[in-house]
Q: 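Right, I'll just put the structure down here and ask away after.
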Amino acid sequence: MAAIDTIRKRYQAAGQDHLFAFFPKLSDEERSAFIRQLESIDSDPKYVADTIEPLPVDACESVVNNPSNESKWRQAGLEAIARGEVGGQGTRLGSSAPKGCYDIGLPSHKSLFQYQAERIARLQTPKGSVVIPWYVMTSGPTRRETETFFANHNHFGLNPKNVIIFEQGTLPCLTMDGKIMLETTSRVAVAPDGNGGLYAATRSPLSPSDRSRSVLTDLSSRGVLYVHAYCVDNCLVKVADPVFLGYCITKQADCAAKVVPKTSPSESVGVVARRGDKFSRAAQPNTGELMFNAANIANHFYTTAFLRSVESFESELAFHIARKKIPTIDLETGAVIKPSKPNGMKLELFVFDVFPFTKRFAVLEVARNEEFSPLKNAPGTGSDDPDTSRRDLLAQHRRFLEQAGASVRDGVEIELSPLVTYAGEGLDSVKGRTFTKSGHVENVEELGRFTKIEFSDDGGIQDMPQDLSLH
């Protein structure tokens, strides 16, 4: 631990000497904890801005209406999965509770985490030796709740050794004029460092009892070469998507992003763009023209080699500011202040901030209705809420059945477990069948339920297919 005088001089030079206002009154234990916290904070952050241009037309390929390339990329991705070279990583949501635990109201009442676990299990099914390790990043306050949720649900059938829960870091909160805030007389006010904190988090010890093991060392020990990272609030996310993985591997990309076309110029979503000769994510434009049309859906690919390299340029990443109501204390009296309006700034790093530092960046356009339905808002909002997530997932399952040759009656809702089908495959047995009642299908055997015999109008008999699952 550095001497207190050295630390204080560093903070004085940065104009943050006010943090020591109560230091003389702290106990030895409080002083030690306070000093450790101060040592971990960068007291001289940097910011860089640049001009942004639309994504060049030739910088992006698409799976939409491109079955030959999609098939080729899928095969390359499945081969990498079979070799044990792929890992999946879910990032947190900026929520006070683990949103992956949320039930969006499906017939099965499965959580988002369970859906993602079952998609992993489906990819592991063809060969029992195939393992896709799953790394789930939480915030400090939600880590224990997330671990308990996984344990209570037996890790959704996955081997607990292959489900690694780790924690993102924090950044200090600032006053509107840039002063670091105190939460108590002996503790700096901090907030989670954003989904871009995953890069530092992959280097941090997974457990205080074993500081030699991190996500990066675990990836290396398993021989994982490629990582698929996504935001867990997307009910349509294809975890460890073979097509995306195969595309990126074929392109020899070290980092890549999935995008969808924007629905309108005013859609509040970031876009992937070009910044000079580099790629970045830009804020949505205010013009009526869709020059910036590649909407980023927080769905990314990395090589593990690239993840290891992030530390070399991490200090160059820019912080993003969110003005918030932040509980703090009066520096004169130490009294607690609970503001009624924004009084400070929280700093965040975003997962896409590394894009400008990639050497080989790739972009893949996918169909929005197949891959993107985020859960951002409260029930009843009408946009990106539990109802729209439920609607979009069940609509996808209807398409799977219809594309396989089945019919689904109007008003009938059929939910297909990812253990039955990952992306519409394996449904040959439903060809010519009609679903007449709502329900959910949990295994392939349930798709083998056939028909009842009924008389047709001409006096003959016909096969009247009935629902293939009632739960």
Side-chain angles (χ1 to χ4, degrees), residues 1-47 92 94 96-97 137-147 166-194 196-197 200-201 203-212 214 314-315 317 319-349:
M1 186 182 298
I4 182 59
D5 290 343
T6 302
I7 295 175
R8 185 158 189 168
K9 286 179 181 178
R10 177 157 61 90
Y11 276 84
Q12 283 176 333
Q16 306 288 354
D17 192 45
H18 63 282
L19 295 174
F20 296 87
F22 301 97
F23 193 80
K25 300 178 182 179
L26 301 182
S27 67
D28 289 345
E29 183 178 351
E30 289 174 326
R31 288 186 179 190
S32 296
F34 190 46
I35 291 171
R36 283 196 299 272
Q37 187 185 25
L38 294 177
E39 285 180 320
S40 68
I41 295 173
D42 181 359
S43 58
D44 186 27
K46 301 174 180 64
Y47 177 77
R92 67 178 295 272
S96 59
M137 187 176 80
T138 73
S139 67
T142 62
R143 179 171 185 168
R144 180 171 295 183
E145 189 175 350
T146 302
E147 290 174 333
F166 66 110
E167 188 177 319
Q168 71 182 111
T170 59
L171 288 170
C173 299
L174 306 178
T175 64
M176 294 299 188
D177 57 356
K179 299 291 186 181
I180 295 176
M181 302 174 73
L182 286 171
E183 178 184 357
T184 68
T185 57
S186 61
R187 179 169 175 78
V188 171
V190 297
D193 55 6
R203 301 191 303 271
S204 299
L206 289 172
S207 169
S209 61
D210 183 5
R211 303 191 65 80
S212 65
S214 66
E314 202 166 36
S315 62
L317 299 180
F319 291 119
H320 304 266
I321 293 174
R323 291 170 173 81
K324 301 287 185 179
K325 293 182 288 186
I326 303 170
T328 186
I329 62 170
D330 187 296
L331 292 176
E332 297 293 331
T333 66
V336 175
I337 299 173
K338 295 183 178 180
S340 59
K341 60 182 181 179
N343 64 324
M345 301 180 289
K346 292 183 178 181
L347 303 178
E348 290 185 307
L349 292 167

Q: Does the Gln16 side chain pair with the main chain of Ile180, one donor and one acceptor, at a distance under 3.5 Å?
A: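 Checked: pair present.
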Q: Could you pull out all residues at least two apart from Ser212 that satisfy side chain to side chain contact (heavy atoms under 4.5 Å, CB included)?
A: Asp210
Q: More than 12 heavy atoms of other residues, nucleotides or ligands under 6.0 Å from CG of Asp177: yes or no?
A: yes
Q: Considering residues at least two apart in sequence or located in another chain, which fulfil the ring pair (Phe, Tyr, Trp, His ring centres under 6.0 Å) criterion with His320?
A: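 For His320 the ring pair (Phe, Tyr, Trp, His ring centres under 6.0 Å) partners, ignoring immediate neighbours, are Phe350.
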Q: Pair Leu38, Phe20 - check side-chain contact (heavy atoms from CB on, under 4.5 Å), show working.
A: CA-CA 10 Å; Leu38 294 177; Phe20 296 87; 3.7 Å; yes
Q: For Ser186, is there any backbone N or O sitting under 3.5 Å from a side-chain donor or acceptor partner on Arg31?
A: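 No.
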Q: For Arg187, check salt bridge (Lys or Arg N to Asp or Glu O under 4.0 Å) against everything at least two apart and list the hits.
A: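 Salt bridge (Lys or Arg N to Asp or Glu O under 4.0 Å) list for Arg187, sorted by chain: Glu183.
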Q: Please enumerate all residues that pass salt bridge (Lys or Arg N to Asp or Glu O under 4.0 Å) together with Asp17, with sequence neighbours excluded.
A: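 Checked Asp17 against salt bridge (Lys or Arg N to Asp or Glu O under 4.0 Å); matches are Arg8.
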Q: For Thr138 and Glu167, indicate whether the former's side chain and the latter's backbone hold a donor-acceptor pair under 3.5 Å.
A: no
Q: With sequence neighbours left out, what residues match Gln37 under side chain to side chain donor-acceptor pair (under 3.5 Å)?
A: none
Q: Please name all residues satisfying side chain to side chain contact (heavy atoms under 4.5 Å, CB included) with Ala13, sequence neighbours left out, ordered by chain then number.
A: none
Q: Using a 3.5 Å distance criterion without hydrogens, assess whether the side chain of Thr175 forms a donor-acceptor pair with backbone atoms of Lys179.
A: yes
